[in-house]
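All remarks here apply to the structure that follows.
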Amino acid sequence: MRATTSSASAGDPPAAPGGEAASAAPARFEEILGPERGAAYRRFLEWSVGEGFMLAVVEVRRPAQREALAAATRAAVPRLCIARLASVGARTIRTLLEEVCPSPAEASVLMLTHLEESQDIPRICAELNVHRDELARTLALPWVLVVHPAAALALQRDAPDFCDFAGLWLPEEPGKGAESLLEQAIPSPAVYGTMPLQRGPDATTSPKDLLSLAHDAAALGHVEQAADLLAQYDMKHPAAQAHDVRRVYMDGLMLRMRGRLAEALARFHAALELCENSGDRQAKGVLLDEIAHVRMLRGELTAAWHLEREALELFEETGDQRSRAASLYQLSIIELSFGNYAKARELAHESLELSEKIGDRATRTRSLRHLSVIEERMGNYAKARELAHAWLMISDELGDRNGQLASLRQLGSIAVRQRNYAEARELLYESLRLCDEMDNATYRSGVLHDLAVVACHEGDYEEARRRWGESLKLCEELGIMGGRAVSLVMLGELEADQGQLERGIALVRQGVGILEQLGGNNLVAAKEILRGMERLSTDMPCPPQRRE
């Protein structure tokens, strides 16, 4: 049966065999495990040494706490044998235990550690469960299994019969490191990949023009239809891809929509050079806006901000109010990524008012959606949900798949914040379906990240690892470094929370390194998470070794 601290403390302890444990220098078990757990563990050692097989399971979250407990146990009892389960490799558990404890009759205690750091926890648990009787007979001395709380859950699930052997089970003590690292989440980037598409550089083009039709199709997320229209245009204008700024711009736009960001940048810069030669200020503003968009996607926030400011000045100079409203919206997204909530809200409202004044429904709905993101970040979930639903309805009316996807994803994010994980998962799977329909890898990387967050909250950590792995791979391929950094930090938190602290620290450090290059509001939060994780491995001083 699973015993607790209270069951271990009943009665008067018998004399320790040979007086060895009783006469040892006092170990600091109470300091390491807390008063009640420490006293129970000390009594277990005093009662069990020399009495044959007995099992104690001690849950500890901090590696430093685990090492301190091992050192204190070595100081309290003679001939302690320690088996690191993470080092078992292809060997059987029995082989490992016999290697570290070749003469059980001459040993006092067998301590098993590092289960949480193993890459094969289910197999180790299964072996302990199946061979429990044989192991108890062969190694007939007290066992102490020091285990991370997450691995303890796996042990109970995969080795229930072995767990029944435990005469003492000390769960982690509330207030002594029991808090989950997963509660220290940092915000995802400001919904990258959902900024509005500007009108083409030629604002006076007839709606019947094939390039304008292609742009409108792309703006609504119908990429294949846009590609067909461009193919028709190219048949009539075979030289346009080299010399026509509008056609070169469309190349960049289509590449961006498909997540090929480096190629998109090259085409936008080529179009920008054509604009410089012609002196077209309005077209230059549109292209600077697009380049800022790509820089934003890649996480280059400062560069994106300067480019967007330059684009906004050009739109103010040329009097292009439609492009100005869209530019204000994009600038608001960048400000939100810097953590400037008040400025982001001010710019979003300015964009909304201007788009309503000129009757631009597309930018108006996107501004509503961005205001939903801001309200969500500020904890105003009811208002955020109201705005997101309003945008989803208008997007449905317009047939705007970009808007549908982004609003579904936003509603999923709000559901996560409100712990409605089933609803969030349903909304995100619908978003993922739209990603596949649109063949948009940029959108897909963000939705995969969101699905990982939901899986993590639901305790499905293997699914979370898989989804984050998929998102990280896409972000790396696409050059979306801000999204990659956040996923690395959150995956690192998961690994550390599950006992893989060193791996978790390495992942978070990698994410922090990227954020240090990019800047943005997440850097401060990520550094604090890293500092907290590093403290976990160093904040428990080890007691002095007993001198033989």
Side-chain angles (χ1 to χ4, degrees), residues 60-66 116 148-150 172-192 296 299-302 305 333-344 373-374 376-381 413 416-417 419 446 449-450 452-457 461 464-465 468 471-472 475 480-541:
V60 297
R61 184 172 293 273
R62 295 175 170 87
Q65 189 181 16
R66 176 189 64 206
E116 58 276 356
H148 187 278
E172 66 175 354
E173 188 174 14
K176 295 292 183 181
E179 69 281 353
S180 171
L181 284 167
L182 296 175
E183 297 300 317
Q184 304 177 54
I186 62 177
S188 299
V191 195
Y192 42 80
M296 172 68 183
E300 300 164 13
L301 301 179
T302 301
W305 186 88
I333 291 180
I334 298 170
E335 292 287 357
L336 180 61
S337 296
F338 279 121
N340 301 329
Y341 293 100
K343 186 63 175 179
V373 174
I374 295 171
E376 177 210 337
R377 295 284 176 87
M378 299 181 74
N380 303 323
Y381 301 135
S413 179
V416 170
R417 299 266 189 169
R419 301 181 185 273
H449 170 89
D450 294 347
V453 172
V454 172
C456 205
H457 280 296
Y461 301 126
R465 287 185 179 98
W468 265 318
S471 178
L472 282 166
C475 285
I480 303 175
M481 302 312 293
R484 177 171 171 75
V486 171
S487 289
L488 282 168
V489 171
M490 297 185 74
L491 180 57
E493 287 185 275
L494 169 59
E495 296 293 1
D497 193 75
Q498 296 300 294
Q500 300 272 359
L501 184 59
E502 292 308 312
R503 172 171 167 72
I505 288 174
L507 290 167
V508 174
R509 279 179 181 157
Q510 190 178 350
V512 167
I514 294 171
L515 290 172
E516 284 177 333
Q517 298 175 34
L518 301 176
N521 187 50
N522 279 332
L523 177 59
V524 174
K527 282 186 171 181
E528 182 55 38
I529 288 170
L530 179 59
R531 283 192 291 269
M533 290 169 66
E534 289 172 337
R535 284 194 296 268
L536 285 179
S537 62
T538 59
D539 65 354
M540 177 66 70

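The shown structure was predicted, so the numbers you read here are calculated from the model rather than taken from an experiment. The figures here come from the full heavy-atom set of this structure, side chains too, leaving out hydrogens, waters and symmetry mates.
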Spatial distance of atom CD1 (Ile514) from atom CG (Leu523) [nearest 0.5 Å]: 12.0 Å

Separation between NE2 of His449 and CD1 of Ile480, rounded to the nearest 0.5 Å: 12.0 Å

Minimum heavy-atom distance Ala485-Gly511, with the two atoms named: CB-O, 3.6 Å

Salt bridge (charged side-chain N to carboxylate O under 4.0 Å, His left out) between Lys343 and Glu335, intermediate numbers included: CA-CA 7 Å; Lys343 186 63 175 179; Glu335 292 287 357; over 6 Å; no

Which atom of Val453 lies closest to which atom of Val416, heavy atoms considered: CG1-CG1, 4.3 Å

Test item: Glu116 side-chain N/O and Gln498 main-chain N/O as donor-acceptor pair under 3.5 Å: no

Step-by-step salt bridge (charged side-chain N to carboxylate O under 4.0 Å, His left out) determination, Arg531 to Glu528: CA-CA 5 Å; Arg531 283 192 291 269; Glu528 182 55 38; 2.9 Å; yes

Check: Arg484 and Gln510 side chains under 4.5 Å, non-hydrogen atoms: yes

Heavy-atom donor-acceptor pair, His148 side chain to Asp497 backbone, under 3.5 Å: yes

Smallest separation among heavy atoms of Val508 and Glu493, with atom names: CG2-N, 4.1 Å

Considering all heavy atoms, the nearest Leu518-Glu300 contact: CD2-N, 4.1 Å

CG-CD distance between Leu507 and Glu495, expressed to the nearest 0.5 angstrom: 6.5 Å

Rounded distance [0.5 Å steps], CG in Leu472 versus CE in Met490: 11.5 Å

Nearest heavy atoms of Val512 and Lys527, plus distance in Å: CG1-CG, 4.0 Å

For the student: nearest non-hydrogen atoms of Tyr461 and Cys456, plus distance: CE2-O, 3.5 Å

From Gln500 atom CD to Glu502 atom CD, the distance as rounded to the nearest 0.5 Å: 10.0 Å

Derivation and outcome, side chain to side chain contact (heavy atoms under 4.5 Å, CB included), residues Met296 and Leu301: CA-CA 6 Å; Met296 172 68 183; Leu301 301 179; 3.4 Å; yes

Interatomic spacing from OH in Tyr341 to CZ in Arg377 - rounded to 0.5 Å: 5.5 Å

pair Asp450-Val454: side-chain heavy atoms closer than 4.5 Å: no

